[in-house]
Amino acid sequence: MKKDINSLLLKKNRGEKIVSLTAYDYITARLEEEAGVDFILVGDSMAMVVFGEENTLGADIDVMIAHTKAVTRGAVNTLVIGDMPFGSYESSDSQAVKNAERFHSEGGADAVKLEGGNNRSVSRSKAIIDSGIPVMGHVGLLPQSISETGGYRVVYSDRRDELFEEAFALQQTGVFSIVLECIEEELAGELTEALTVPTIGIGAGRFTDGQILVVNDILGLSGDFKPRFVKKFVKLDEMILEALKTFSNEVRDGVFPAERNVYHSREEK
Ligand code: KIV
């Protein structure tokens with residue numbers, strides 16, 4: 001049975017941790033589903049980890065939707081959330097609704113996520129939810145706002161009031177969950193207890209209702225990028241490099257293809 005947005009709330013209420021990861025392609029989505037993650041986010045982090053851009057601002061809506069389609073094909077029984085990229089929802093509520101509908105109808109996403117809890121994001125969130133598409137909020141560090149905030153900054157308790165106000169305003173719109181990004185652990189824990197909707201932390205400590213990480217980061221596929229909150233569970237970069245070198249050497253040395261890798265005429269069988 002497909003996991004849905006209600007399953008996250010059930011987990012919060014039972015005190016069970018929610019597990020989530022990003023994915024950008026079919027095979028990773030399939031593996032994440034097999035591993036039993038509770039939801040998959042097709043994050044705009046794709047701009048950085050797939051396309052090598054410096055930040056997420058260049059994520060393109062058409063590309064995001066194409067990758068969402070790949071992910072929903074790979075994880076048919078898992079809740080898939082499309083991340084609304086910079087420029088896809090800021091202009092107006094109708095722009096936001098139109099693009100959220102594209103994630104849903106073209107990409108097959110079950111829900112969308114959008115960044116921020118200011119008046120604009122609250123209005124967009126409400127409009128999308130009113131149109132029938134579930135929304136996940138996102139407060140704390142907002143990668144799409146680095147030009148305004150002057151960089152990637154952890155949110156500490158001096159910004160408690162603003163953080164709580166934004167999260168509660170989003171909850172009021174009917175979001176089914178809220179991502180808390182790079183927030184002091186105690187503050188994220190206090191906010192998690194105060195909210196009725198589940199919180200999903202990334203760099204927000206141990207007391208959120210769930211955790212999300214960028215899949216490339218946990219697999220060792222994001223180069224030297226290693227903020228404090230990331231844990232590498234495998235060094236796939238080293239394994240891939242080893243395989244690529246072995247392949248190259250075998251081709252150069254005439255070891256590959258071997259007899260078992262080639263076809264002969266039918267008569268010779
Ligand atoms: O795009 C992304 O990977 C995200 C995570 C930070 C949650 O939004």
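As the structure lists them, so they are numbered: ligands from 1, and atoms in each ligand from 1.
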(request) Pull out every atom of ligand 1 sitting under 4.0 Å from any heavy atom of Thr22, numbered as shown with elements. (result) 3 (O)
(request) Can you see which heavy atom on Leu180 is nearest to which on Ala204, and at what distance? (result) O-CB, 3.4 Å
(request) Count the heavy atoms of every other residue, nucleotide or ligand shown that sit under 6.0 Å from CD of Glu106, and state whether that count exceeds 12. (result) yes
(message) For Ile202, which part has a heavy atom under 4.0 Å from ligand 1: side chain, backbone, both, or neither?
(response) side chain
(request) Decide yes or no on side-chain contact (heavy atoms from CB on, under 4.5 Å) for Val80 and Asp110, but give the supporting numbers first. (result) CA-CA 6 Å; Val80 174; Asp110 303 294; 4.0 Å; yes
(message) Any nitrogen or oxygen of Asp83, side chain or backbone, less than 3.5 Å from one on ligand 1?
(response) yes
(message) Please tell me whether Ser121 and Tyr89 have a donor and an acceptor in their side chains that are separated by less than 3.5 angstrom.
(response) no
(request) Determine, considering heavy atoms only, which of Gly201, Ala59, Ser45, Pro143 sits nearest to atom 3 (O) of ligand 1. (result) Ser45
(message) Quick test: of every protein heavy atom, which one is nearest to atom 6 (C) of ligand 1, and how far off is it to 0.1 Å?
(response) Glu181 OE1, 3.4 Å
(request) Please write down residue, atom name and distance for the protein heavy atom closest to atom 5 (C) of ligand 1. (result) Leu41 CD2, 4.1 Å
(message) With heavy-atom distances below 4.5 Å as the criterion, would you say the side chains of Thr22 and Ile40 are in contact?
(response) no
(message) Suppose I only count heavy atoms of His138 and a 4.0 Å limit; which atoms of ligand 1 are within that range?
(response) 8 (O)
(request) Run the numbers for me: atoms of ligand 1, each under 4.0 Å from some heavy atom of Val214, listed by number. (result) 3 (O)
(message) With side-chain contact (heavy atoms from CB on, under 4.5 Å) as the criterion, how do Phe39 and Ile200 come out once you've worked through the C-alpha distance, each side chain's angles and the decisive distance to 0.1 Å?
(response) CA-CA 11 Å; Phe39 73 84; Ile200 310 296; 3.8 Å; yes
(request) Counting heavy atoms only, name the option from Met48, Lys113, Met64 that's nearest to atom 8 (O) of ligand 1. (result) Lys113
(request) Check Lys11 against Ile18 and note the closest heavy-atom contact, atom names and distance. (result) CB-CG1, 3.8 Å
